[in-house]
Every structure is written in structure tokens, then in C-alpha cells.
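Ligands are counted one by one from 1 in listed order, and the atoms in each one are counted from 1 as well.
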Amino acid sequence: RAKGDVSRSICFYEPSMDDFVRTRRKLAAELREALEKGQLDLHYQVQTSVLTGEIRGYEALVRWRHPVRGLVPPSDFIPIAEESGLILPIGEWVLRTACATAATWSPPYKIAVNLSPIQFGTAGLPDLIRRTLRETGLDAERLELELTESTIFVDRERSLHMLREIKRLGVSIALDDFGTGYSSLDILRSFPFDKIKLDRSFMREVEDSPTARAIIRAILALGSSLKIPVLAEGIETDAQLALLRAEGCDEAQGYLLGRPAPLDSIVSGGQITLMPGDPLAQSA
Ligand code: C2E
Ligand code: MG
Ligand code: MG
Ligand code: MG
């Protein structure tokens with residue numbers, strides 16, 4: 001019986017797997033074209049001080065302006081980019097664009113850029129960062145790279161080495177989506193992060209779950225005794241923000257404070273101005 005089931009499931013799966021592979025391949029081809037044709041775009045989401053509300057910086061979030069599908073979110077194409085290797089040129093484009101853009105900002109806010117595990121596993125990454133900073137004129141202290149725990153776990157020894165090499169450039173590193181991985185505490189013990197980004201899943205429950213609140217309080221205490229500032233992700237309500245303020249959280253990011261938006265809208269919103277005479281100042 002078991003044997004029969006297996007063969008039936010093979011018959012059942014083969015065509016759909018085929019479709020799956022075909023769709024992914026088509027998307028990868030389209031994505032390559034998108035990169036070449038300039039259909040990728042960066043949106044920027046503000047990160048603010050919880051206590052004073054002042055702007056600390058922006059996180060760059062990649063978007064795909066697909067001619068038919070419209071604005072495609074990264075969750076729909078980053079996996080395809082990773083699987084096809086396109087994440088390397090895409091990641092390079094994101095880093096360069098984010099740094100070049102932030103270099104024109106006044107005041108000189110920080111810019112946060114997400115790194116894929118595949119980029120992080122590339123030996124040339126420190127050189128790429130160094131070159132990008134030099135070519136865009138962005139000060140290293142203004143760049144923050146965001147990594148998730150899974151990135152570190154691919155190869156801990158190499159990761160530690162890579163992290164140190166990047167930090168030596170003067171760039172800071174944030175641990176993204178903290179609290180969702182397997183071994184968050186162990187990671188904090190072993191790796192020199194400059195910021196903890198508390199995953200937004202904690203915020204969802206905070207208003208009616210004492211347990212969620214207790215966990216947030218404990219993570220903030222942990223950050224404070226390790227002297228690592230904590231940013232809470234996914235702030236959508238005033239109540240969440242008030243709670244974070246009461247608990248002494250350092251920074252916040254979320255729809256309440258600002259949705260990810262194209263550069264021209266954060267510029268026209270008056271949050272930043274571009275340096276006069278900069279070529280981007282005309283296009284924005
Ligand atoms: P992330 O780095 O954790 O980015 C935060 C995500 O949460 C963003 O989704 C943002 O739009 C969303 N978000 C922010 N505030 C709120 C809120 O208040 N409520 C809710 N429900 N969501 C909020 P997005 O832009 O769709 O990006 C998803 C993920 O894709 C990112 O998670 C990041 O892991 C990845 N990603 C984005 N851009 C890049 C990139 O340039 N390179 C790489 N490798 N990954 C990227
Ligand atoms: Mg991030
Ligand atoms: Mg995150
Ligand atoms: Mg995430």
C-alpha cells in the first residue's frame with residue numbers, strides 16, 4: 001500500500017513541480033531583465049528615537065516595479081534572486097543606490113541595508129563595501145548592515161571573521177528579526193552586534209498579552225546590560241509606542257512612524273533635503 005501511495009504521489013507531483021520550476025525560471029529571467037532595465041527601486045522607511053521622536057535613519061527596502069504585476073514585494077522575489085544567484089548583482093545595486101542616495105541627505109541620517117546570507121557568504125564583501133563607500137562618498141559610520149540569525153548560522157567561524165572585517169571598515173551591524181530564530185541568545189553572546197532589531201511579531205500581541213510584554217521587557221533589559229541598543233519593528237499603534245517608551249526602548253520603526261516610501265515622497269514630506277547641486281536633487 002505504501003508503495004502504491006508513493007507512486008501515486010509522484011504522478012501527482014511531477015507536473016506541478018515542473019510548473020513550479022518553469023515559473024521560477026521565468027521569474028528569474030524577468031528579474032534579470034528588471035535589473036538591467038532599471039525596474040528595481042528602493043523604498044525608505046524611517047527609524048526614530050522612541051524618547052524624542054527624532055529621526056535616526058532610514059532602512060532601504062527593495063521593490064520590483066513589474067510592468068504587468070505592479071509593485072512586487074521582496075518576499076516574492078528575493079528567494080528567486082537567491083536561488084538564481086541574481087542576489088549578488090541585485091544586492092550590489094541596492095548597496096550602491098542606498099549609499100549614493102544617503103550621501104546626498106541633509107541632515108546626514110544613517111542608512112540601513114539588508115544583506116542576504118548569500119552576499120554575506122561572499123569573500124569579496126568587505127572590498128565591495130569599502131569600494132562602494134569610497135565611490136559614493138558616504139561615511140562608513142552612516143552605513144548599517146542588517147543581518148538575520150540564519151545568515152550567521154551558515155558558518156559561524158567565517159561569519160565571525162566576516163563581521164569583524166566589516167566592522168573594521170567603520171560600518172555598523174544590526175541583528176534583524178531578533179527573537180524569531182533558534183538560538184538568539186547564543187548569537188548575542190558570540191557576535192559583536194551594534195543594534196538588536198526586535199521582530200515585529202512581538203509587537204502584534206503586546207497590547208493584550210502580558211507574556212509578550214514580559215518578553216519584550218526582558219529583551220530590553222538584556223540589550224541594556226549588553227549595551228546594545230534595541231529597535232522595535234512593526235510599531236503600528238500609539239499604545240505600542242507608549243509601551244516602548246515606558247520600557248525604555250531606544251528606537252522604533254513601523255507604519256505608525258512612517259511606511260516605506262519612495263525617495264521623492266520622503267523628500268517632499270520634508271523629512272530630508274538633498275544637498276543643493278546634487279544630480280539627485282533634480283530627479284527627486
Ligand atoms: P525586514 O528587513 O525585517 O524589513 C521590515 C519589513 O517589515 C518590511 O517589509 C517593511 O515594509 C515591513 N514593515 C515595516 N513596518 C511595518 C509595520 O508597522 N507593520 C507591518 N505589518 N510591516 C511593517 P518588506 O519591505 O516587504 O521587506 C520584507 C523583507 O524582505 C525584509 O524584512 C528583508 O528581510 C527583505 N528585504 C527587503 N529589502 C531587501 C534587500 O534590499 N536585500 C535583501 N537581501 N533583503 C531585503
Ligand atoms: Mg531589515
Ligand atoms: Mg526585520
Ligand atoms: Mg524580516
Rounded to 10 degrees, what angle sits at the Mg ion (ligand 2) between Glu146 OE1 and Asn114 OD1?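 Vertex the Mg ion (ligand 2), arms to OE1 of Glu146 and OD1 of Asn114: 100°.
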Which one of [options] has a non-hydrogen atom at the shortest distance from [atom]?
{"atom": "atom 46 (C) of ligand 1", "options": "Asn114, Thr151, Leu147", "result": "Asn114"}
{"atom": "atom 15 (N) of ligand 1", "options": "Gln253, Gln45, Glu233, Gln240", "result": "Gln45"}
{"atom": "atom 10 (C) of ligand 1", "options": "Thr148, Asp76, Leu61, Leu42", "result": "Leu61"}

May I ask you to check whether over 12 heavy atoms, not counting those of [X], lie within 6.0 Å of atom [atom1]?
{"X": "Arg245", "atom1": "CZ", "answer": "yes"}
{"X": "Arg65", "atom1": "CZ", "answer": "yes"}
{"X": "Arg217", "atom1": "CZ", "answer": "yes"}

Applying salt bridge (charged side-chain N to carboxylate O under 4.0 Å, His left out), can you list everything that pairs with Arg142, at least two apart in sequence or on another chain?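 Counting only residues at least two positions away or on another chain, Arg142 forms no salt bridge (charged side-chain N to carboxylate O under 4.0 Å, His left out).
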Run the contact test for [X] against ligand 1 with a 4.0 Å cut-off on heavy atoms, strictly below, and give the result.
{"X": "Glu59", "value": "yes"}
{"X": "Gly234", "value": "yes"}
{"X": "Pro260", "value": "yes"}
{"X": "Glu236", "value": "yes"}
{"X": "Arg63", "value": "yes"}

Any N/O of Pro74 closer than 3.5 Å to an N/O of ligand 1?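 No; the residue has no nitrogen or oxygen that sits under 3.5 Å from a nitrogen or oxygen of the ligand.
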Stepwise side-chain hydrogen bond (donor to acceptor under 3.5 Å, both in side chains) test for Glu82 and Ser116: CA-CA 8 Å; Glu82 288 178 332; Ser116 151; 2.8 Å; yes
Identify, by atom number and element, the atoms of ligand 1 in contact range of [X], meaning under 4.0 Å from any of its heavy atoms.
{"X": "Val62", "result": "38 (N), 39 (C), 40 (C), 41 (O)"}
{"X": "Ser116", "result": "44 (N)"}
{"X": "Asp176", "result": "1 (P), 2 (O), 3 (O)"}

By atom name, which N, O or S atom belonging to Glu59 lies closest to the Mg ion (ligand 2)?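 It is OE2 of Glu59.
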Below 4.0 Å, non-hydrogen atoms only: which portion of Asp177 touches ligand 1? Side chain, backbone, both or neither.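 Contact part for Asp177 vs ligand 1: side chain (C-beta onward).
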Select one of side chain, backbone, both or neither to describe which atoms of Lys197 lie under 4.0 Å from any atom of ligand 1, heavy atoms only.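 Near ligand 1, Lys197 shows nothing, with every heavy atom at 4.0 Å or more.
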OD1 (Asp177) to the Mg ion (ligand 3) to OE2 (Glu233) angle, given to the nearest 10 degrees: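 About 140° at the Mg ion (ligand 3).
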Partner set under side-chain contact (heavy atoms from CB on, under 4.5 Å) for Pro260, not counting sequence neighbours: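 side-chain contact (heavy atoms from CB on, under 4.5 Å) list for Pro260, sorted by chain: His43, Gln45, Leu61, Arg63, Tyr255.
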Sub-3.5 Å donor-acceptor pair from the side chain of [X] to the main-chain atoms of [Y], do we have one?
{"X": "Ser209", "Y": "Val206", "result": "no"}
{"X": "Asp250", "Y": "Leu231", "result": "no"}
{"X": "Ser190", "Y": "Ile187", "result": "no"}

Look at the rings of His66 and Trp64 and say which category their plane angle falls in: under 30° parallel, 30 to 60° tilted, over 60° perpendicular.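 Tilted, since the angle between the ring planes falls between 30° and 60°.
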Using the rule given for side-chain hydrogen bond (donor to acceptor under 3.5 Å, both in side chains), can you reason through Ser265 versus Ser268, listing the C-alpha separation, both sets of side-chain angles and the distance that settles it, and then say yes or no? CA-CA 5 Å; Ser265 92; Ser268 66; 5.6 Å; no
Quick check: of its N, O or S atoms, which one does Asp176 have closest to the Mg ion (ligand 3)?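 The closest N, O or S atom of Asp176 to the Mg ion (ligand 3) is OD1.
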